[in-house]
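Each chain gets a letter, A, B and so on, in the order the sequences are listed, and its residues count up from 1.
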Amino acid sequence: MINMKIVTWNVNSVRVRLPLIEQLIAEENPDVILLQETKCMNEFFPKDFFESHNYHLAIHGQKTYNGVAIISKYPIENVKWDLDDSTEARYIEGFTNGHYVVSAYVPCGNKSDEAYKYKQEFLGSIASRWKGEESAIIGGDFNVAMSDDDMQTPAKWIGSVLCTDEVRNGMQKVFDAEFDDCHEISDGKNDFTWWDYRRPNEGLRIDYILSKNVSGKLKTLQHYRKMERPSDHVPVMFEI
DNA sequence: ATGGTAGCTGCGCTA
């Protein structure tokens, strides 16, 4: 029996993506939606839209860049976004319908040496935050492809900050905090979650839903890539 | 071969 549906989605602007978010709600009726790259300050977040669909909100926005949110059919308690002392809005956690949930937007890390360093620190901070907790569900854009199976064209990505040994080790620290990658490859390398708008045949799996002490089934909603004005990421859904 | 697109912003930055 399914008792909870959780979707994570890097929408690349929540306001531009509202029509597709509305379709997601109509098709899947998720209990929880974890958003990344909302790209707007809290005062401009489309609260009325979500509330009219009977959702509660916990938002952590920022002008132009980043921005994360937890959208839930249930009240959201113990909301926190101070994972570290950064001014970048990349993290939010809350407790809803009996579960700790997290929406995380890990830095890409290709902007500068500092950004790359911060990517490692950010992954370490997530691992530290949840290491001792009994149960949690983290959805997000981790900007890490863990293996060649997560890459449509591995040779094109050699040396990329999305798949260096260092960032893979950083991501491994999160797994080592007793999180499971719920993903199962069904029929080959076909479960990518992101494509650069300029390179439509070089997909990567960099969006994950990780859980500890919660079992469920993961599904990548590929058809959201073929719609009008798609995000560069597709939604990933976890059914408990 | 080092381009290309998208979003937000304001003629550049980030991905």
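Among residue pairs with one or both ends in residues 126-139 of chain A, those qualifying as salt bridge (Lys or Arg N to Asp or Glu O under 4.0 Å) are A:Glu93-A:Arg129, A:Arg129-A:Glu133; sequence neighbours excluded.
To the nearest angstrom, P of B:dA6 lies 10 Å from CZ of A:Arg17. If you measure from atom CG of A:Asn10 to atom P of B:dA15, you get 11 Å, rounded to the nearest angstrom. Atom C1' of nucleotide B:dA6 and atom CZ of A:Arg229 are separated by 8 Å, given to the nearest angstrom. For the pair A:Tyr118 OH and B:dA15 C1', the interatomic distance rounds to 16 Å; values are reported in whole Å. Computed from coordinates, the A:His233 NE2 to B:dG7 C1' distance equals 13 Å when rounded to whole Å. Remark: C1' of B:dA15 and CD of A:Glu37 are 7 Å apart, rounded to the nearest angstrom. Straight-line distance from the CH2 atom of A:Trp157 to the P atom of B:dA15: 14 Å, rounded to whole Å. The CG-P distance, from A:Asp141 to B:dA6, rounds to 19 Å in whole Å.
Using a cut-off of 4.0 Å between Lys/Arg side-chain N and Asp/Glu carboxylate O, A:Lys80 and A:Asp82 are scored as not salt-bridged. A:Lys219 and A:Glu239 are not joined by a salt bridge, as no carboxylate oxygen comes within less than 4.0 angstrom of a charged side-chain nitrogen. Between A:Arg205 and A:Asp181 there is a salt bridge, with a side-chain nitrogen of the basic residue lying less than 4.0 Å from a carboxylate oxygen of the acidic one.
Contacts of A:Arg15 with the nucleic acid, taken as non-hydrogen atoms under 4.0 Å apart, are absent.
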What nitrogen or oxygen pairs link the protein and nucleotides 12-14 of chain B at under 3.5 Å?
from	atom 1	to	atom 2	distance (Å)
B:dC13	O2	A:Tyr65	OH	3.4

Under 3.5 Å between N/O atoms: give me all the protein pairs with nucleotides 1-3 of chain B, atom names plus distance.
none

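Separating the C1' atom of B:dA1 from that of B:dC11 is a span of 28 Å, rounded to the nearest Å. Taking the P atoms as reference points, B:dT9 lies 14 Å from B:dT14, given to the whole Å. Straight-line distance between the P atoms of B:dT2 and B:dG10: roughly 32 Å, to the nearest whole Å.
Each of A:Asn29, A:Asp31, A:Asn54 was checked for a side-chain hydrogen bond (donor to acceptor under 3.5 Å, both in side chains) with A:Lys73, and the lone residue meeting it is A:Asn29. When each of A:Thr8, A:Asp207, A:Asn12 is checked for a side-chain hydrogen bond (donor to acceptor under 3.5 Å, both in side chains) with A:His233, only A:Asp207 meets the rule.
Side-chain contacts under 4.5 Å among hydrophobic residues (ILVMFWY), followed directly or transitively, place A:Ile59 together with A:Val7, A:Trp9, A:Val11, A:Val14, A:Leu18, A:Leu20, A:Ile21, A:Leu24, A:Ile25, A:Ile33, A:Leu35, A:Phe45, A:Phe49, A:Phe50, A:Tyr55, A:Leu57, A:Ile71, A:Leu221, A:Tyr224, A:Met227, A:Met237. Annotation for A:Met41: hydrophobic cluster partners, listed by chain and number, are A:Phe44 (ILVMFWY side-chain heavy atoms under 4.5 Å, direct or chained).
Here the side chain of A:Arg198 is nearest to one of B:dT9, B:dC8, B:dA15, namely B:dA15.
No side-chain heavy atom of A:Phe142 sits less than 4.5 Å from a side-chain heavy atom of A:Ile206.
Between A:Ser13 and the phosphate of B:dC8, there is a side-chain N or O to OP1/OP2 separation shorter than 4.0 Å.
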Quick one: side chains of residues 94-101 of chain A, donor-acceptor pairs under 3.5 Å with protein atoms, not counting sequence neighbours, listed by atom name and distance.
from	atom 1	to	atom 2	distance (Å)
A:Thr96	OG1	A:Ser72	OG	2.7
A:Thr96	OG1	A:Tyr74	O	3.3
A:Thr96	OG1	A:Pro75	O	3.0

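Along DNA chain B, the nucleotide nearest to A:Val14 and the one nearest to A:Cys108 differ in position, and the one closer to the 5' end is contacted by A:Val14.
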